[in-house]
Amino acid sequence: MKTIKILLIVMMVWAVSCQNLAKKSDAYGNFEAVETVISAELGGKLLELNINEGDLLSENQVVGLIDTTQLKLNYNLLLVKKQAIKTKLSNIDAQVLVLESQKKNVETELNRVKKLLIDKAVSQQQFDDLEGKFNVIDSQINSTKVQKNSIIAEMNAMDAQLKIVEDQISKCQIINPLSGTVLDKYLEQNEITAPGKSIYKIANLTELELRVYVSGTMLPKIKLGQKVKVLIDKNEKENSELFGTISWISEKAEFTPKIIQTKEERVNLVYAVKVRVKNDGRIKIGMPGEIVFI
C-alpha cells in the first residue's frame, strides 16, 4: 500500500512538472517564409530553364529564355519600314532645298522688277506674274514642310514600335528578381508558357518568420523590435535555442487557429505575431516553434 502511495505521489509530481514544462513557452506557431512566384511575362517555347528545386539563386541572375524568333522577325521588319520612312524624309528635304533655291531666285528677280516698275520700265502685269510665282513657291514650301512633319511623326511612331518590340525581347529573358532558394519548379525546358503562367517559386531562407498567437492579456507586454527567445525541437526531449525579433503584431483579434492543441484554447481570441529569426540552416518552412518573452 505504501508503495502505491509513493508511486501516486511520484506520478503527481511528474504530471505537475510536465504541466510546468508545457507552460514554459509563451506562444506557439510555425515558421513561414515570404514566397514569391516567378511568372512568364510573354508566351512562347522555353528554350532554356536552368534551375532545379533547391538551387540557390542570386538577384538578377538569368535563369531561362523564351523563344524570340517571331519578335526578332517583327523587329527586322520594323527596321525596314523605318528605313523607307527615312528615304521619304530625305526626298522631302531635297524638295525643300530645291524650292528654297527657286524662291530665292524669284525673290531676287521680283526685287529687280519692282525697281523697274517704279521707273515704268516693266508693266504691272509682269510684276504681278512674278509675285504670283513667288507666292506659289512659298506655298509649296509650306506644304512640303507640313508633309515633312507628318513623316517625322510617322518616324517617331516607328521608333516607339521598335522600343516596344525591344522591351518584349528583353522580357523573353527570365531574370530572377531576388536572392533565394527555389522551392518549386512548375515548368520544364521546351514546354510552352504563356503570359502570367507560373514558372517557379522562390523564397529567401536566410531569415524566416515564426507566426505565433498571443492572448490579449499578453499583448501589452510586447512591442515591435522586441527580442525574444525562440525554441525549436532538437530531439524528442530537448529544444534548441535561437533568438528573434518581433517584426509584426496584428491589429485585429482572431480565434485561435486549429493548430493550437486544446479545444479550450481554440475558442479564445488571440493576436497574431510574427517573429523574424535568422536561419542557420536548422529551420525549415512549416516547422513548429515556440517563443519565450525575455
Side-chain angles (χ1 to χ4, degrees), residues 38-49 59-178 192-199:
I38 309 303
S39 303
E41 295 190 66
L42 295 174
K45 185 177 180 179
L46 271 173
L47 297 181
E48 296 178 20
L49 188 58
E59 185 178 351
N60 296 324
Q61 179 179 340
V62 178
V63 297
L65 177 67
I66 299 171
D67 186 15
T68 61
T69 303
Q70 292 299 318
L71 289 172
K72 287 182 177 178
L73 288 173
N74 187 28
Y75 187 81
N76 291 335
L77 178 60
L78 291 173
L79 286 177
V80 172
K81 289 182 177 180
K82 181 179 177 179
Q83 187 58 45
I85 294 171
K86 276 186 176 180
T87 302
K88 287 164 62 176
L89 195 60
S90 298
N91 292 337
I92 288 291
D93 287 336
Q95 290 179 38
V96 170
L97 285 174
V98 170
L99 290 171
E100 290 283 4
S101 179
Q102 291 177 359
K103 178 182 175 182
K104 188 175 180 180
N105 292 335
V106 172
E107 187 177 20
T108 301
E109 183 65 15
L110 186 63
N111 290 332
R112 188 183 69 81
V113 172
K114 188 175 182 180
K115 291 177 182 178
L116 293 174
L117 181 62
I118 296 173
D119 297 333
K120 307 292 185 177
V122 295
S123 65
Q124 182 67 40
Q125 182 65 41
Q126 288 175 302
F127 176 81
D128 291 342
D129 290 344
L130 201 56
E131 188 176 43
K133 185 177 180 180
F134 177 86
N135 292 333
V136 168
I137 294 173
D138 195 49
S139 297
Q140 288 177 335
I141 291 172
N142 292 331
S143 176
T144 305
K145 286 181 177 179
V146 169
Q147 292 180 41
K148 181 178 179 180
N149 291 336
S150 176
I151 294 173
I152 290 173
E154 191 177 349
M155 177 78 77
N156 292 336
M158 191 60 61
D159 285 336
Q161 290 183 53
L162 284 167
K163 287 181 180 179
I164 290 172
V165 178
E166 286 173 358
D167 180 64
Q168 290 174 332
I169 291 174
S170 69
K171 287 178 179 176
C172 285
Q173 275 194 326
I174 303 168
I175 300 175
N176 182 60
L178 52 90
I192 304 298
T193 186
K197 189 172 183 179
S198 300
I199 300 176

Quick one: side-chain contact (heavy atoms from CB on, under 4.5 Å) partners of Q168, sequence neighbours excluded? L42, L71, I164, V165
Heavy-atom closest contact (P195 atom, G43 atom, distance): CD-N, 3.6 Å
Restricting to pairs with a member in residues 130-147, which pass side chain to side chain donor-acceptor pair (under 3.5 Å), not counting sequence neighbours? K103-D138
D93: what forms a side chain to side chain donor-acceptor pair (under 3.5 Å) with it, not counting sequence neighbours? K148
Which residues satisfy the side-chain contact (heavy atoms from CB on, under 4.5 Å) test with K104, sequence neighbours excluded? none
Atom OH of Y75 and atom NZ of K163: how far apart are they, to the nearest 0.5 Å? 10.5 Å
With rounding to the nearest 0.5 angstrom, report the CD1 to OG distance, I85 to S90. 12.0 Å
For Q126 and L130, run side chain to side chain contact (heavy atoms under 4.5 Å, CB included): C-alpha distance rounded to whole Å, both residues' side-chain angles, the deciding distance at 0.1 Å, then the answer. CA-CA 6 Å; Q126 288 175 302; L130 201 56; over 6 Å; no
Rounding to 0.5 Å, atoms CD1 (I151) and CG (N156) come to a distance of 12.0 Å
Q70: side chain to side chain donor-acceptor pair (under 3.5 Å) partners, not counting sequence neighbours: none
So how far is it from T193 OG1 to I199 CD1, rounded to the nearest 0.5 Å? 5.0 Å
N/O donor-acceptor pairs under 3.5 Å from side chains in residues 109-118, not counting sequence neighbours:
{"unit_1": "E109", "atom_1": "OE1", "unit_2": "R112", "atom_2": "NE", "d": "3.3"}
{"unit_1": "E109", "atom_1": "OE2", "unit_2": "R112", "atom_2": "NH2", "d": "2.5"}
{"unit_1": "N111", "atom_1": "ND2", "unit_2": "E107", "atom_2": "O", "d": "3.3"}

Spatial distance of atom CG (L47) from atom CG (D67) [nearest 0.5 Å]: 4.5 Å
For V146, is there any backbone N or O sitting under 3.5 Å from a side-chain donor or acceptor partner on S150? no
Compare all side-chain heavy atoms of L73 with those of T69 and state whether any distance is below 4.5 angstrom. yes
Shortest non-hydrogen contact from S198 to S39? CA-OG, 3.8 Å
Atom pair NZ (K82) and CG (D159), whose distance is rounded to the nearest 0.5 Å: 4.0 Å
Return the set of residues passing salt bridge (Lys or Arg N to Asp or Glu O under 4.0 Å) with K88 (not counting sequence neighbours), or none when no residue passes. E154
According to side chain to side chain donor-acceptor pair (under 3.5 Å), who are the partners of N76, at least two apart in sequence or on a separate chain? none
Check salt bridge (Lys or Arg N to Asp or Glu O under 4.0 Å) between D129 and all other residues, then give those that pass, not counting sequence neighbours. none
Side-chain contact, heavy-atom cut-off 4.5 Å: V63 with I38? no
Counterpart residues, side chain to side chain donor-acceptor pair (under 3.5 Å), relative to Q61 (two or more places apart): S58
Just jot down the salt bridge (Lys or Arg N to Asp or Glu O under 4.0 Å) partners of E166, sequence neighbours excluded, or say none. none
S101 meets the side-chain contact (heavy atoms from CB on, under 4.5 Å) criterion, sequence neighbours left out, with N105
